[in-house]
Amino acid sequence: MELKIGNKTYNIEYSVEASLCDDCVEKVTNFMMGMANVDGVDAKKFVIGTMTNLPSTALGMLYGGLMAHHGEDGDNTVTCLADAKKLLKQYIIEHKEDGTGNYYDIIGILIDQMGKDGFFDIIGLTKIIEMGQTKTPKKPTDHKKKSTVHTEK
């Protein structure tokens, strides 16, 4: 995927390079696992927690996506998180009018690309989520009467 920021086009790819970026993997894993568990938690708390993390989540995800083509193995224009932060800030400023200049939409764009690139499979997130869905939860039995065994003498 290509993002135009300033006068330059940046290639975003979520392959092995992105999977080696701890910040990217941590942010996306926390975000996706949080989304998967939203059913049983207090929805307001989850939304507030998610909203406060959106900027750093978007930054970590963008940084990881830039590594393959613009990191040290690429054209070396993004050498640290601060470089990605400048690009994220510029993107938000440039895209306020088209509706994608906000953290929520940026994360949506990047997650879509992660799916296309097979990133969730690379980092093992797909299997973790599948394992969680196939386990049958233990059912509480404290509501049942205790059974007693009577023995005759």
Side-chain angles (χ1 to χ4, degrees), residues 1-140:
M1 168 184 77
E2 295 180 343
L3 282 182
K4 185 158 173 52
I5 305 172
N7 296 325
K8 184 169 179 173
T9 300
Y10 292 88
N11 294 311
I12 308 296
E13 180 182 323
Y14 292 96
S15 57
V16 173
E17 283 295 320
S19 74
L20 297 172
C21 176
D22 291 345
D23 197 46
C24 177
V25 173
E26 179 185 348
K27 300 293 184 190
V28 75
T29 302
N30 288 340
F31 184 79
M32 298 301 281
M33 294 303 284
M35 295 295 285
N37 292 325
V38 81
D39 222 13
V41 298
D42 180 12
K44 284 183 183 177
K45 267 187 176 177
F46 175 76
V47 170
I48 291 168
T50 300
M51 295 302 292
T52 59
N53 293 329
L54 286 181
S56 65
T57 299
L59 177 59
M61 291 168 66
L62 178 63
Y63 181 57
L66 290 164
M67 291 295 89
H69 297 281
H70 305 286
E72 62 185 42
D73 290 338
D75 66 10
N76 214 27
T77 57
V78 180
T79 59
C80 61
L81 203 57
D83 293 339
K85 185 177 180 179
K86 289 176 190 172
L87 292 173
L88 180 60
K89 181 180 174 182
Q90 187 174 358
Y91 181 88
I92 288 173
I93 291 167
E94 292 175 359
H95 291 270
K96 280 183 180 180
E97 302 303 318
D98 70 12
T100 64
N102 62 74
Y103 297 114
Y104 180 82
D105 285 330
I106 291 167
I107 288 172
I109 291 166
L110 299 177
I111 285 176
D112 185 52
Q113 189 60 40
M114 288 176 176
K116 290 176 183 174
D117 291 340
F119 184 69
F120 305 120
D121 291 332
I122 293 171
I123 65 172
L125 186 58
T126 306
K127 286 193 178 199
I128 291 169
I129 291 172
E130 287 172 358
M131 284 180 1
Q133 291 173 347
T134 57
K135 286 186 177 178
T136 54
K138 290 184 179 180
K139 294 181 181 177

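All values reported here derive from a predicted model rather than from experimental measurement. All residue numbers in this chain count up from 1 along the given sequence.
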- Note on the structure: For Leu59 and Ala84, the nearest pair of non-hydrogen atoms, with its separation, is CD1-C, 3.7 Å
- Atom pair CD/CG of Glu94 and Leu3 - distance to nearest 0.5 Å: 10.5 Å
- Task: Could you walk me through whether Asn53 and Lys27 pass the side-chain contact (heavy atoms from CB on, under 4.5 Å) test, one step at a time?
- Result: CA-CA 9 Å; Asn53 293 329; Lys27 300 293 184 190; over 6 Å; no
- Note on the structure: In short, ring-ring contact (aromatic ring centres under 6.0 Å, His included) pairs touching residues 91-114 with sequence neighbours left out are Tyr91-His95
- Kindly indicate whether the side chain of Phe119, heavy atoms from C-beta on, has any atom under 4.5 Å from the side chain of Val25. yes
- For the student: nearest non-hydrogen atoms of Pro55 and Leu88, plus distance: O-CD2, 4.3 Å
- Item | Approximate separation, where rounding is to 0.5 Å, of Ser15 OG and Met67 CE | 11.0 Å
- Donor-acceptor under 3.5 Å (Thr29 side chain, Glu26 main chain): no
- Calculate, to the nearest 0.5 Å, the distance between atoms CG and CG belonging to Leu62 and Asp23 respectively. 11.0 Å
- Message: Please give me the minimum heavy-atom distance between Ala18 and Cys24, naming the atom from each residue.
- Response: O-CB, 4.1 Å
- Task: Quick one: closest heavy-atom pair of Ile122 and Val16, and the distance?
- Result: CD1-N, 4.4 Å
- Rounded to the nearest 0.5 Å, how far apart are CG of Asn7 and CD1 of Ile5? 11.5 Å
- Message: Counting C-beta onward and ignoring hydrogens, is there a side-chain heavy-atom pair between Phe120 and Ile111 closer than 4.5 Å?
- Response: yes
- Query: OG1/Thr79 to NE2/His70 distance, rounded to the nearest 0.5 angstrom?
  - Reply: 13.0 Å
- NZ (Lys96) with more than 12 external heavy atoms under 6.0 Å: no
- Query: Should the heavy atoms of other residues, nucleotides or ligands under 6.0 Å from CG of Asp98 be counted, would the total exceed 12?
  - Reply: yes
- Task: Rounded to the nearest 0.5 Å, what's the gap from OG on Ser56 to CZ on Phe31? Could you check?
- Result: 11.0 Å
- Query: Do the side chains of Ile109 and Ile12 get nearer than 4.5 Å, heavy atoms only?
  - Reply: no
- Message: If you define the side chain from C-beta out and look only at heavy atoms, does anything of Ile92 sit under 4.5 Å from Ile106?
- Response: yes
- Task: Not counting sequence neighbours, list each pair that qualifies as a side chain to side chain donor-acceptor pair (under 3.5 Å) and has a residue in residues 57-69.
- Result: Glu13-His69
- Going by heavy atoms in the side chains, are Lys8 and Thr77 under 4.5 Å from each other? yes
- Item | Working for side-chain contact (heavy atoms from CB on, under 4.5 Å), residues Asp83 and Leu66 | CA-CA 10 Å; Asp83 293 339; Leu66 290 164; over 6 Å; no
- Query: Tell me, which pairs form a salt bridge (Lys or Arg N to Asp or Glu O under 4.0 Å) where one or both residues lie in residues 62-73, sequence neighbours left out?
  - Reply: none
- With a 4.5 Å limit on heavy-atom distance, are the side chains of Met114 and Met61 in contact? yes
